[in-house]
Amino acid sequence: MSIIRIGIVGVGKIARDQHVPAIAADPGLELVAVASRSHADVGVPAFDSLEALLADGPDLDAIALCTPPQVRRETALTALRAGKHVFLEKPPGATVGEVGDLSALAAEQGVTLFASWHSRFAAGVPAAKAWIAAHQITSVDIQWREDVRRWHPGQTWIWEAGGLGVFDPGINALSILTEIMPREVFVTDARLQVPENVQAPVAAHMAMTDIAGTMITADFDFLQTGPQTWDITVTAKDGRLRLSSGGARIEIDGAPVVQAADAEYPGLYTRFGDLIRAGKSEADIRPLALVADAFLVGRRDLVAAFIE
Ligand code: NAP
């Protein structure tokens with residue numbers, strides 16, 4: 001089996017923390033170059049842009065896009081037109097529509113498009129899905145509260161239009177929700193708190209449901225100091241499941257079931273390699289559609305300016 005040669009575009013926090021080590025740890029993959037405006041040094045040649053990498057860089061098979069969502073489509077188009085497989089960081093685009101366009105181009109080019117949702121690869125997610133399938137659930141409550149200053153330092157793009165604000169982490173919870181629920185979920189109401197000096201919400205509440213009338217609520221907060229909370233609680237007629245630590249841990253009726261170390265990005269890259277070898281694509285836009293719908297129906301409250 002030949003090694004898949006990968007280039008990364010955008011060497012920021014997630015590329016350094018997760019992509020570079022996950023590629024290095026996978027014997028089927030090799031990082032051969034990066035496209036980096038800041039000429040980041042991760043031990044491989046760095047080029048000013050994807051265009052420069054494709055023109056002057058080493059041969060490669062695939063591109064991982066780790067830039068902010070607002071600029072992802074242009075680089076994805078360039079990579080797909082060059083016949084490269086593409087790994088999209090989450091969210092897969094700045095709009096729902098542009099992802100469909102990329103899927104069509106990938107199919108035309110005969111290459112893989114992978115819209116990655118790292119939280120779906122958290123250790124507890126398959127067990128949560130199986131438990132839900134075997135129970136009659138009545139409600140789901142998501143509490144996703146983190147400190148933006150700690151996890152997103154200096155990321156001005158997150159506050160701009162298309163940057164999603166608190167939905168940048170919140171969409172991770174929605175990616176788990178859409179994976180574990182047995183029926184399609186849709187938004188019924190939302191409330192967004194938008195700081196007066198930025199474009200994106202710092203906190204949000206969402207109400208959702210499905211055809212069975214399951215009550216689903218989500219609270220997202222970007223100003224949580226102290227302990228950080230990434231929890232999903234599922235209540236059934238005869239039990240309760242709690243996914244915590246972003247999906248790495250599960251408790252059923254108060255007893256721990258799965259507690260595992262973080263292996264989300266190795267899992268993502270295994271899936272990317274499998275999709276490439278199978279000649280398939282995977283681009284689920286449902287988490288992004290839920291966020292888009294929250295923006296559509298959400299009432300906005302202006303709140304105090306966000307100063308980093
Ligand atoms: P980041 O630290 O700001 O890095 C983004 C990088 O993209 C920049 O360092 C820059 O790298 C490049 N870039 C290209 N065009 C840019 C532009 N117009 N504005 C800003 N940067 C630009 O952000 P990140 O946290 O790595 O997030 C990137 C993506 O990964 C986001 O979609 C985010 O949702 C996702 N993600 C982040 C995390 C996390 O914990 N941070 C977790 C999972 C997923 P160069 O200088 O090399 O060009």
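In listed order, ligands and their atoms are each counted from 1. Model, not experiment: these values are computed from the prediction.
Qualifying salt bridge (Lys or Arg N to Asp or Glu O under 4.0 Å) partners for E282, counting only residues two or more places apart in sequence or in other chains: R271. Scored by the side-chain hydrogen bond (donor to acceptor under 3.5 Å, both in side chains) test, S36 finds S38 as partners (sequence neighbours excluded).
Smallest separation of non-hydrogen atoms from L192 and A204: CD2-CB, 3.9 Å.
The 12-atom threshold is exceeded at CG of L296, counting heavy atoms of other residues, nucleotides or ligands nearer than 6.0 Å.
Here ring-ring contact (aromatic ring centres under 6.0 Å, His included) pairs that include residues 48-74, with residues two or more places apart or in two chains, number zero.
Screening H19, Q18, R72 for a side-chain hydrogen bond (donor to acceptor under 3.5 Å, both in side chains) with E89, the sole residue that qualifies is H19.
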Dump the pairs for me: ligand 1 N or O, protein N or O, distance under 3.5 Å, to 0.1 Å.
from: ligand 1; atom 1: 2 (O); to: K13; atom 2: N; distance (Å): 2.9
from: ligand 1; atom 1: 2 (O); to: Q155; atom 2: NE2; distance (Å): 3.1
from: ligand 1; atom 1: 3 (O); to: W157; atom 2: NE1; distance (Å): 2.9
from: ligand 1; atom 1: 11 (O); to: V11; atom 2: N; distance (Å): 3.3
from: ligand 1; atom 1: 21 (N); to: R37; atom 2: NH2; distance (Å): 3.3
from: ligand 1; atom 1: 23 (O); to: Q155; atom 2: NE2; distance (Å): 3.3
from: ligand 1; atom 1: 25 (O); to: Q155; atom 2: NE2; distance (Å): 2.8
from: ligand 1; atom 1: 26 (O); to: K13; atom 2: N; distance (Å): 3.2
from: ligand 1; atom 1: 26 (O); to: I14; atom 2: N; distance (Å): 2.9
from: ligand 1; atom 1: 32 (O); to: R72; atom 2: NH2; distance (Å): 2.8
from: ligand 1; atom 1: 32 (O); to: K90; atom 2: O; distance (Å): 2.8
from: ligand 1; atom 1: 34 (O); to: K90; atom 2: O; distance (Å): 3.1
from: ligand 1; atom 1: 34 (O); to: K90; atom 2: NZ; distance (Å): 3.0
from: ligand 1; atom 1: 34 (O); to: D168; atom 2: OD1; distance (Å): 2.5
from: ligand 1; atom 1: 46 (O); to: S38; atom 2: N; distance (Å): 3.2
from: ligand 1; atom 1: 46 (O); to: S38; atom 2: OG; distance (Å): 2.7
from: ligand 1; atom 1: 47 (O); to: V11; atom 2: N; distance (Å): 2.8
from: ligand 1; atom 1: 47 (O); to: S36; atom 2: OG; distance (Å): 2.5
from: ligand 1; atom 1: 48 (O); to: R37; atom 2: N; distance (Å): 2.8

